[in-house]
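Reviewing the structure listed below.
We number each residue from 1, following the sequence as shown. This structure is a prediction, so every number in the text was calculated from the model and none was measured.
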Amino acid sequence: MAASIPRPALVLGAGGLIPFAAATLGAWTLDDPLLVARVIDAVVLYAAVILSFVGAVHWGLEMAEYGPKSKVGGWDRYGWAVTPSLIAWFATFLVAEGAIGVLIAGFVMAAFHDNWSSRAQLVPTWYGTLRKGLSIGVIGCLGAILLRLVT
């Protein structure tokens, strides 16, 4: 199934997991609490940017009129497209544990929406496969960081 994903999307998407993995490693291995806090702040901001990007994909697909025509003039797809950005923005105002919890919830929502969009043929078939793997990676890393913060 991964063979159908365009190589640039696969390589760049997988590369986008590197900051999440690095932050997870840092959160669990660094001894300096101030440095750990900086790593957490950095991953929260990066996750907010990526979550916004995930929503923006749907804005672009609606603009390109990809997939079945919307029955409500695009309000559904454009509306969803801005939702992850709003969730991400809200998360940046919270303390680390809250921010990461909200971001995890946002990525879970986006994963379900992308899965639904794939089945509804609102995104290219390969996109659902790519997003599933990337979502598992992001949610796993953020979950491990949250676990580190609360233990």
Side-chain angles (χ1 to χ4, degrees), residues 1-27 38-150:
M1 189 86 76
S4 65
I5 299 171
R7 189 169 214 53
L10 183 60
V11 170
L12 295 170
L17 291 175
I18 294 170
F20 288 106
T24 304
L25 182 64
R38 293 205 41 138
V39 166
I40 301 302
D41 287 344
V43 79
V44 164
L45 293 175
Y46 182 69
V49 168
I50 296 302
L51 186 56
S52 296
F53 176 85
V54 167
V57 166
H58 294 276
W59 185 286
L61 289 170
E62 180 62 20
M63 281 178 39
E65 298 179 354
Y66 185 92
K69 187 152 180 65
S70 171
K71 293 182 169 106
V72 291
W75 283 99
D76 48 352
R77 289 180 80 182
Y78 286 127
W80 165 254
V82 300
T83 301
S85 299
L86 294 172
I87 292 168
W89 174 70
F90 173 73
T92 65
F93 290 97
L94 303 175
V95 296
E97 296 88 347
I100 292 174
V102 167
L103 289 164
I104 289 170
F107 279 106
V108 167
M109 287 174 53
F112 277 105
H113 187 272
D114 286 337
N115 183 34
W116 173 83
S117 295
S118 183
R119 286 184 283 113
Q121 300 178 331
L122 294 171
V123 298
T125 306
W126 60 264
Y127 185 73
T129 304
L130 176 66
R131 288 292 311 128
K132 181 177 182 181
L134 295 177
S135 294
I136 289 169
V138 168
I139 293 164
C141 286
L142 291 176
I145 293 168
L146 183 58
L147 182 64
R148 170 67 174 96
L149 290 173
V150 299

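The shortest non-hydrogen separation linking Ala81 to Trp59 is CB-N, 3.5 Å. The shortest non-hydrogen separation linking Ile40 to Ala96 is CG2-CB, 3.6 Å. Closest heavy-atom contact between Val44 and Leu103: O-CD1, 3.8 Å. Here the shortest heavy-atom pairing between Leu51 and Ala110 reads CD1-CB, 4.2 Å. Residues Asp114 and Arg131 approach most closely at OD2-NE, 2.8 Å, considering heavy atoms. When all heavy atoms are compared, the tightest approach of Tyr127 to Val54 is OH-O, 4.2 Å.
Using bins of under 30°, 30° to 60° and over 60° for the plane-to-plane angle, the ring pair His58/His113 lands in the perpendicular bin.
Judged purely by atom type and a 3.5 angstrom limit, Tyr46 uses its side chain to pair as donor or acceptor with the backbone of Gly16. For the pair Thr92 (side chain) and Trp89 (backbone), a donor-acceptor distance under 3.5 Å is present. Side chain of Ser52 to backbone of Ala48: a donor-acceptor contact under 3.5 angstrom is found. Side chain of Arg77 to backbone of Leu122: a donor-acceptor contact under 3.5 angstrom is found.
By the neighbour-count criterion of 12 heavy atoms within 6.0 Å, atom CZ of Phe90 is sparsely surrounded, having that number or fewer from other residues, nucleotides or ligands. Other residues, nucleotides and ligands contribute at most 12 non-hydrogen atoms within 6.0 Å of the CD atom of Gln121. Other residues, nucleotides and ligands contribute more than 12 heavy atoms inside 6.0 Å of the OH atom of Tyr66.
Note that CD1 of Ile136 and SG of Cys141 are 12.0 Å apart. Values are rounded to the nearest 0.5 Å. Taken to the nearest 0.5 Å, the CG atom of Asn115 stands 9.5 Å off from the OG1 atom of Thr129. A distance of 9.5 Å separates OG of Ser135 from CG of Leu17, quoted to the nearest 0.5 Å. Ile145 contributes atom CD1, which lies 10.0 Å from atom CG of Leu25 (distance to the nearest 0.5 angstrom). Atom OG1 of Thr125 sits about 11.0 Å away from atom CD1 of Ile5, to the nearest 0.5 Å. Distance CG/Leu146 to CD1/Ile139: 12.5 Å, rounded to 0.5 Å.
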Quiz item: Where do Ile50 and Phe107 land on the side chain to side chain contact (heavy atoms under 4.5 Å, CB included) test, with the steps shown first?
Solution: CA-CA 9 Å; Ile50 296 302; Phe107 279 106; 4.0 Å; yes
Quiz item: side chain to side chain contact (heavy atoms under 4.5 Å, CB included) between Trp80 and Met109: does it pass, once the steps are laid out?
Solution: CA-CA 10 Å; Trp80 165 254; Met109 287 174 53; 4.1 Å; yes
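Taking the side chain as every heavy atom from C-beta outward, Arg119 and Trp116 approach each other to under 4.5 Å.
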